[in-house]
Amino acid sequence: FSPGLLVVAGSFAAFRLLNRELERLVPPPPSARRNRWKWRNIWTSLAHSGLPSPVGCRAFWGMGVPWHSPSWPLSLLTASLFLGYFLEDFVDMLCNQKLHQSWELLFHHSVVIVCFGIAVLLHQYVGFALVALLVEINSIFLHLRQILLMANLVHTTYYRLNSIINLGTYVVFRIATLAWMTRWLFLNRENVPPATYAVGTVGMAIMTPMNIILFYRLLRSDFFK
């Protein structure tokens with residue numbers, strides 16, 4: 001039994017509660033009322049994205065913290081909170097969206113849940129997992145883009161500015177972060193147990209093409225339409 005599981009359960013419950021209350025806190029505009037569930041889901045994701053990013057920066061620069069050890073207590077706590085959110089979002093999509101509309105995100109979430117589950121349950125490579133939280137810096141602008149789309153604010157300066165920042169942070173904090181993690185895994189392959197190395201390699205092999213495809217879709221939608 002891992003104490004992190006209690007944090008995971010608490011995080012799941014907290015984000016579930018937040019999801020239910022968000023429609024009252026942030027009422028959907030008329031253009032989004034047909035899909036109230038998606039409006040709540042995106043705002044929940046946005047609330048989550050702003051939380052772990054500073055910890056990801058600390059993990060990346062904290063080279064004195066062993067990558068294989070949870071010697072930094074906040075690291076295990078953050079990994080557990082992150083895992084709880086992705087479990088909640090997975091369940092939320094599974095219950096409220098058709099499979100053919102959400103299978104890509106469900107697949108993405110499955111990979112994240114497995115990788116962070118290993119870190120939380122085994123207390124290994126927590127720091128390496130936390131570097132992935134740098135991706136959430138870009139997720140802030142991805143979710144803002146969805147909110148602006150649902151609010152019918154596509155033809156505004158806010159949307160255009162967000163699109164530029166979104167693509168810039170996508171390259172720096174999403175594609176570059178995954179490239180760095182892949183490189184670290186390759187350089188340290190002799191020090192990583194075979195099973196963990198296999199999971200990490202498969203995870204990077206799945207996530208990298210998915211993110212490149214999404215980048216192409218964003219570029220085509222926002223700039224080449």
Side-chain angles (χ1 to χ4, degrees), residues 1-16 44-45 48-94 104-139 173-211:
F1 175 76
S2 169
L5 291 178
L6 294 176
V7 181
V8 172
S11 173
F12 181 96
F15 279 108
R16 182 80 278 184
T44 304
S45 299
H48 154 262
S49 295
L51 295 176
S53 303
V55 182
C57 294
R58 173 64 177 84
F60 183 76
W61 293 110
M63 304 304 280
V65 180
W67 294 105
H68 62 279
S69 169
S71 57
W72 181 28
L74 184 59
S75 62
L76 188 59
L77 171 65
T78 306
S80 302
L81 289 171
F82 190 76
L83 179 58
Y85 160 74
F86 269 91
L87 285 169
E88 188 278 332
D89 199 44
F90 185 94
V91 172
D92 194 36
M93 285 190 292
L94 203 59
E104 288 183 77
L105 274 176
L106 289 173
F107 186 56
H108 167 274
H109 283 23
S110 299
V111 175
V112 174
I113 288 168
V114 169
C115 294
F116 271 78
I118 291 174
V120 172
L121 292 174
L122 303 182
H123 294 194
Q124 292 183 333
Y125 304 100
V126 178
F128 178 74
L130 288 182
V131 172
L133 299 188
L134 288 172
V135 170
E136 295 304 312
I137 295 175
N138 168 251
S139 294
F173 294 108
R174 191 173 289 267
I175 294 177
T177 295
L178 291 176
W180 185 92
M181 293 177 72
T182 302
R183 175 181 175 274
W184 185 93
L185 197 61
F186 176 76
L187 292 177
N188 292 273
R189 60 190 181 280
E190 295 181 359
N191 301 319
V192 179
T196 307
Y197 179 76
V199 171
T201 302
V202 171
M204 292 297 105
I206 292 171
M207 302 295 274
T208 301
M210 288 183 70
N211 280 279

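What's counted below: heavy atoms across the whole structure, side chains too, no hydrogens, waters or symmetry copies. For the single chain, residues carry numbers from 1 onward in sequence order.
Taking CD1 of Ile118 as the reference point, atom CZ of Phe128 lies at 11.0 Å (rounded to 0.5 Å). A distance of 9.5 Å separates CG of Leu6 from OG of Ser80, quoted to the nearest 0.5 Å. Going from atom CG of Leu178 over to atom CD1 of Ile206 covers 12.0 Å, rounded to the nearest 0.5 Å. With rounding to the nearest 0.5 Å, the separation of CG in Asn138 from CD1 in Ile175 is 9.0 Å.
Exactly one of Leu77, Leu81, Leu83 qualifies for a side chain to side chain contact (heavy atoms under 4.5 Å, CB included) with Ser11. That residue is Leu81.
For Gly200 against Leu185, the heavy-atom pair with the smallest separation is C-CD2, 3.4 Å. In terms of heavy-atom proximity, Met204 sits nearest to Pro209 at O-CD, 4.2 Å. Nearest heavy-atom pair, Leu134 versus Phe173, reported as atom, atom and distance to 0.1 Å: O-CB, 3.4 Å. Across every non-hydrogen atom of His48 and Glu136, the tightest pair is CE1-OE1, 3.3 Å. Counting all heavy atoms, side chain and backbone alike, Val199 lies closest to Cys115 at CG1-SG, 4.2 Å.
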query = Could you walk me through whether Leu87 and Phe12 pass the side-chain contact (heavy atoms from CB on, under 4.5 Å) check?
reply = CA-CA 7 Å; Leu87 285 169; Phe12 181 96; 3.9 Å; yes

key: Trace of the side chain to side chain donor-acceptor pair (under 3.5 Å) decision for Arg16 with Thr44   = CA-CA 9 Å; Arg16 182 80 278 184; Thr44 304; over 6 Å; no

task = Quick one: do Val202 and Val111 satisfy side-chain contact (heavy atoms from CB on, under 4.5 Å)? Show the steps, please.
result = CA-CA 9 Å; Val202 171; Val111 175; over 6 Å; no

task = Could you check Phe116 against Leu133 for side-chain contact (heavy atoms from CB on, under 4.5 Å), going step by step and ending with a plain yes or no?
result = CA-CA 11 Å; Phe116 271 78; Leu133 299 188; 4.1 Å; yes

query = Given Phe82 and Phe86, is the ring-ring contact (aromatic ring centres under 6.0 Å, His included) satisfied, shown in steps?
reply = CA-CA 6 Å; Phe82 190 76; Phe86 269 91; 4.8 Å; yes

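Although no hydrogens or angles enter the test, the distance criterion places no donor-acceptor pair under 3.5 Å between the side chain of Asp92 and the main chain of Glu88. The backbone N or O of Met207 sits less than 3.5 Å from a side-chain atom of Asn211, completing a donor-acceptor pair.
The stretch residues 196-205 participates, sequence neighbours left out, in no side-chain hydrogen bond (donor to acceptor under 3.5 Å, both in side chains) pair at all.
Counting heavy atoms from C-beta on, the side chains of Phe186 and Arg189 come closer than 4.5 Å.
Between His109 and Phe90, the ring-plane angle classifies as tilted under the 30° and 60° cut-offs.
Counting heavy atoms of neighbouring residues, nucleotides and ligands inside a 6.0 Å radius, atom CZ of Arg183 does not exceed 12 of them.
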